[in-house]
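All figures in this text were calculated on a predicted structure; none of them were measured in a lab. A, B, ... follow the sequence lines: proteins, then strands. Residue 1 opens every chain.
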There are 2 protein chains.
Amino acid sequence: MPAPARTSRDAIVASGRAILERDGLDGLTMQRVAATVGVRAPSLYKHVRDRGDLVRLILNDVAVELTAALDAAAGSGEPRRDLGTLARAFRRFAMTHPEAYGLLFARLPDGSRIDPEVNARAGEALLRAAAALAGPDDALAAARTVTAWAHGFINMELAGAFRLGGDVDRAFEFGLERLTSAIAAPDRP
Amino acid sequence: MPAPARTSRDAIVASGRAILERDGLDGLTMQRVAATVGVRAPSLYKHVRDRGDLVRLILNDVAVELTAALDAAAGSGEPRRDLGTLARAFRRFAMTHPEAYGLLFARLPDGSRIDPEVNARAGEALLRAAAALAGPDDALAAARTVTAWAHGFINMELAGAFRLGGDVDRAFEFGLERLTSAIAAPDRP
DNA sequence: ACCTGAACACCGTTCAAGT
DNA sequence: ACCTGAACACCGTTCAAGT
């Protein structure tokens, strides 16, 4: 006698994501997720392998959404301009999903880490803009420089590491402008 | 009848740090720390407030050591050269203490976050080099640009986010060289 | 085929009782 | 003054039993 599913993997991931964003990673318990979707904790194991797997699914979901935001931000045809809109879209996304963003590039157990393809896909728009600006030989190194800066800045901002006062928005724009010029190939001013 | 202390806060922090580096944050349990220093878990609460406090003490310890490594790396009198040795020392330290480093700028509960003075002290050497290179007006923004880049690069490298192959060491040197030029004031080539 | 209660091993933390 | 066992509330996870 089959029993009808009272919940679904999508519902579990969506609920887990909301709880993660509201209560942080420590607050993301199987019992809380189960209660939100209307089952008991053991039932969750019919839909996800374990808690680490649930974290992975949530982060994949977030990364796909980030990718869409980045894709929408780029595409002006002007790589210099694209790099700016990409960096600002990146920062805006992180600020509206701070808990999830903080885990996106964190050291997590293997089972919780984001899928490689999802990760690669998220970096594409920026890699394209960097390639157009820096030329093919330096494309990857240039993309890594910009990504590292943007991620590092956002991560430190989210962690509250900028404690010396000053204008953080201005520091972001300063870094963005200097970096854009710095990675441009000599013949691409 | 007073009972002699069978352990100390320093021993607990040192043991906790070793366990953190070996087993990760999830592996850092009060029971394991207690066993290593030779007492039972409840005794630890005579020396630290709770587990979050222990994490804070460990991270403070790591940050102080990082500060010493950075201070030792700088001081050549040549800000351009200092920036390079600082960035490389930063990366080397992170690679030898990956678990602790990954938490240094992570989103942690308030009670686990590093002390503001320890954080400010760690940034001093880099702020000094950046100021010498960028000039007083842009000193803070320039220091934040370099710190963000270095931290972001190292954090992504530790998290295994550079999955497109390529030469990661070369990307680090590329970013370092371009960034150094980018933050230099026009009159400080 | 999914859901459940019961159970297990493990946490962090408190506290009264020991020395 | 510190250490301990016992206890409590809470985890994640497994599993046999229900429908």
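Sorted by first then second residue, the salt bridge (Lys or Arg N to Asp or Glu O under 4.0 Å) pairs that include residues 123-136 of chain A, not counting sequence neighbours, are A:R121-A:E124.
B:F172 meets the ring pair (Phe, Tyr, Trp, His ring centres under 6.0 Å) test with B:W149, B:F153; sequence neighbours excluded. Qualifying side-chain hydrogen bond (donor to acceptor under 3.5 Å, both in side chains) partners for A:T36, counting only residues two or more places apart in sequence or in other chains: none. Under the ring pair (Phe, Tyr, Trp, His ring centres under 6.0 Å) criterion, B:H97 pairs with B:F93, sequence neighbours left out. Here A:R81 pairs with A:S76, A:E78 under the side-chain contact (heavy atoms from CB on, under 4.5 Å) rule; sequence neighbours left out. Considering only residues two or more places apart in sequence or on other chains, B:E99 meets the side-chain contact (heavy atoms from CB on, under 4.5 Å) condition with A:R107, B:L20, B:E21. Residues satisfying the side-chain contact (heavy atoms from CB on, under 4.5 Å) test with B:T29, not counting sequence neighbours, are B:Q31, B:R32.
Separating the CZ atom of B:R9 from the P atom of D:dC2 is a distance of 13 Å, rounded to the nearest angstrom.
Here the rule is side-chain contact (heavy atoms from CB on, under 4.5 Å) with B:V13, and of B:I58, B:V37, B:V33 only B:I58 fits it.
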(request) For nucleotides 4-13 of chain C, just jot down a letter per nucleotide in 5' to 3' order: B, S or -, based on protein non-hydrogen atoms under 4.0 Å. (result) BBB----BSB
(request) Return one dot-bracket line describing DNA chain C 5' to 3' (Watson-Crick or G-U wobble pairs, both distances under 3.5 Å; ( ) same strand, [ ] crossing, | another strand, . none). (result) ||.|||||...|||||.||
